[in-house]
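Beneath this line is the structure, given in structure tokens, with notes to follow.
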There are 2 protein chains.
Amino acid sequence: MSHSVARAVAVLELLSTGPGTQSAVAAALGVHRSTALRLLESLSEGGLVRRGDDQRYYLGSRLNGLAAAAADQFELGAAAHRHLAALQRATGATVHLGALENRVIRYVDKVEPARSVRLYSQIGAPVILHTAGISKAILAFQHPEVAAELLAGHVYERFTATTLTSRAELDAELARVRGRGFAVDDSEHESFIGCIAVPVRGHDGSVSCAVSLTELTARATVAALESHLGRLTEAADAIAKELGWKP
Amino acid sequence: MSHSVARAVAVLELLSTGPGTQSAVAAALGVHRSTALRLLESLSEGGLVRRGDDQRYYLGSRLNGLAAAAADQFELGAAAHRHLAALQRATGATVHLGALENRVIRYVDKVEPARSVRLYSQIGAPVILHTAGISKAILAFQHPEVAAELLAGHVYERFTATTLTSRAELDAELARVRGRGFAVDDSEHESFIGCIAVPVRGHDGSVSCAVSLTELTARATVAALESHLGRLTEAADAIAKELGWKP
DNA sequence: GGACGCTGTTGCGCGCAGCGCAACCTGGTT
DNA sequence: AACCAGGTTGCGCTGCGCGCAACAGCGTCC
């Protein structure tokens, strides 16, 4: 693991939350101003970061080109996106596709309703394992050793009154997910957000993806989202077929 | 300038041209297999790279999230994109927006026709200064010292029979650009591609952006593209107004 | 106009992080 | 069974990246 590369990635993550001055970057990363300058200049040379006229650093346009290339290389991308978009139109909720990538579960695609209120979930960001529907839908269908590895060292931080706060509670919930075939986030991360998720089978029946519906509880409770379970499962099965799964 | 960060960026650039094994990455970068592994693992942890089941490395989904954030931070992005899209519909050609960012001219946006043949120009990639219309449209309207700095150390590589191959030739062409108000790429990089470009004025009248029309010469010669000069100039002026330019 | 504070920049000495290497493991091929 | 190629690991060494001090520039205050 390269320390400097990790720092550079941390700079990108920091700037993804908003632009900032060199000193602000140094403070946030806990490094010297000259170290921050060196990192920012290295990223600027590659076009991943740019410096505005206001002396603040912004994410750079090369990221758009790299993302386009990443999307091209994501063999599931365009095919799955069509199903996600159809599901979004049919349900009105925000739709996510999550995947287990390199021992981390991340959001890999998202289709949002054209509304002013956007749910915050950044593509590529890791999913919170003990609260998110996506992660429970994936974890529930892993071999116990794989699940143990993914959960090694996990901190069961309480966010709301309904957050699961131990491995035992999560295991019990994962057993329920296996029983009923879908996972929920019952306001476990944000008290005003609910979610249901189902696993997506791969060509060999294994699970490394999941699809979810997320909505403000003021618009639709988790119970209301469950009324869309048929559509959600159909979308997941359609994506699974793109992956070569044969029921 | 951080050597390790530069190497990590080089890994991303390499993978943007196609996935590759760890050994292929090591060979392409001229480093040891264990060095390549370290770089790839660091990038994987941040989600910028992922390892496929086929042991090859691909660009990772976090790039999509970072690119979305970069697009949000590009204050000109959405507004300019509308004008680029309208120009593309009106002319049928590929439209580029280029910008001078941190002493480098890069493609920052592109709108392509919905055709199977796509011109290769990656967003965020630096522009070839002595061949591209975009770069000539920007260089022509810089202070001589700024142009000299941008061109310092530039190698005037010949790509086709029409490539400009010296600073003197380029300077003469830039004078012509200033005279007629637009730049051309007269098959100077690829013999089968032509392009015209015009500068975009900033709020203070300075030039740090340009817009271009690019087309296969089999579909439209440079002379044919010039028939769209009015539309191209209108689009550039519309974008300039978004930047606060007052004619 | 001078003092002050903050931010950005530069050059440098030093300690350690990142390097390549050797050895090993795994899987595929002969 | 032997061989090869690619991937992985641990380690010694050195080149690099670190923080520091000093400086420059700018804005604010008196």
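Lettering follows sequence order; numbering is per chain, from 1.
Counting non-hydrogen atoms under 4.0 angstrom, R56(A) reaches nothing in the nucleic acid.
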Polar atoms only, N or O, under 3.5 Å: list the protein pairs with nucleotides 28-30 of chain C and their distances.
none

Measure all distances between protein nitrogen or oxygen atoms and nitrogen or oxygen atoms of nucleotides 4-11 of chain D, and list the pairs falling under 3.5 Å.
| from | atom 1 | to | atom 2 | distance (Å) |
| --- | --- | --- | --- | --- |
| dG7(D) | OP2 | S23(B) | N | 2.9 |
| dG7(D) | OP2 | S23(B) | OG | 2.5 |
| dG7(D) | O3' | R51(B) | NH2 | 3.4 |
| dG7(D) | N7 | R33(B) | NE | 3.3 |
| dG7(D) | O6 | R33(B) | NH2 | 3.1 |
| dT8(D) | OP1 | R51(B) | NH1 | 2.9 |
| dT8(D) | OP1 | R51(B) | NH2 | 3.1 |
| dT8(D) | OP2 | Q22(B) | OE1 | 2.9 |
| dT8(D) | OP2 | R51(B) | NH1 | 3.2 |

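Residues satisfying the salt bridge (charged side-chain N to carboxylate O under 4.0 Å, His left out) test with R178(A), not counting sequence neighbours, are none. Applying the ring pair (Phe, Tyr, Trp, His ring centres under 6.0 Å) rule to H83(B) yields no partners; only residues at least two apart in sequence or on another chain are considered. Partners of E242(A) under the salt bridge (charged side-chain N to carboxylate O under 4.0 Å, His left out) rule, at least two apart in sequence or in another chain, are R82(A).
Listed by first and then second residue, the salt bridge (charged side-chain N to carboxylate O under 4.0 Å, His left out) pairs that reach into residues 130-150 of chain B are R103(B)-E149(B), K136(B)-E188(B), sequence neighbours excluded.
Between H3(A) atom NE2 and dG17(D) atom C1' the separation is 9 Å, expressed in whole Å.
The phosphate of dG18(C) (OP1 or OP2) has a side-chain N or O of S2(A) nearer than 4.0 angstrom.
Within the 4.5 Å cutoff, no side-chain heavy atoms of T214(A) are placed close to those of D185(A). L15(B) places none of its side-chain heavy atoms less than 4.5 Å from the side chain of L48(B). Between I138(A) and L150(A), every side-chain heavy-atom pair lies at or beyond the 4.5 Å cut-off.
Using cut-offs of 30° and 60° for the angle between ring planes, the H130(A) and H154(A) rings count as perpendicular.
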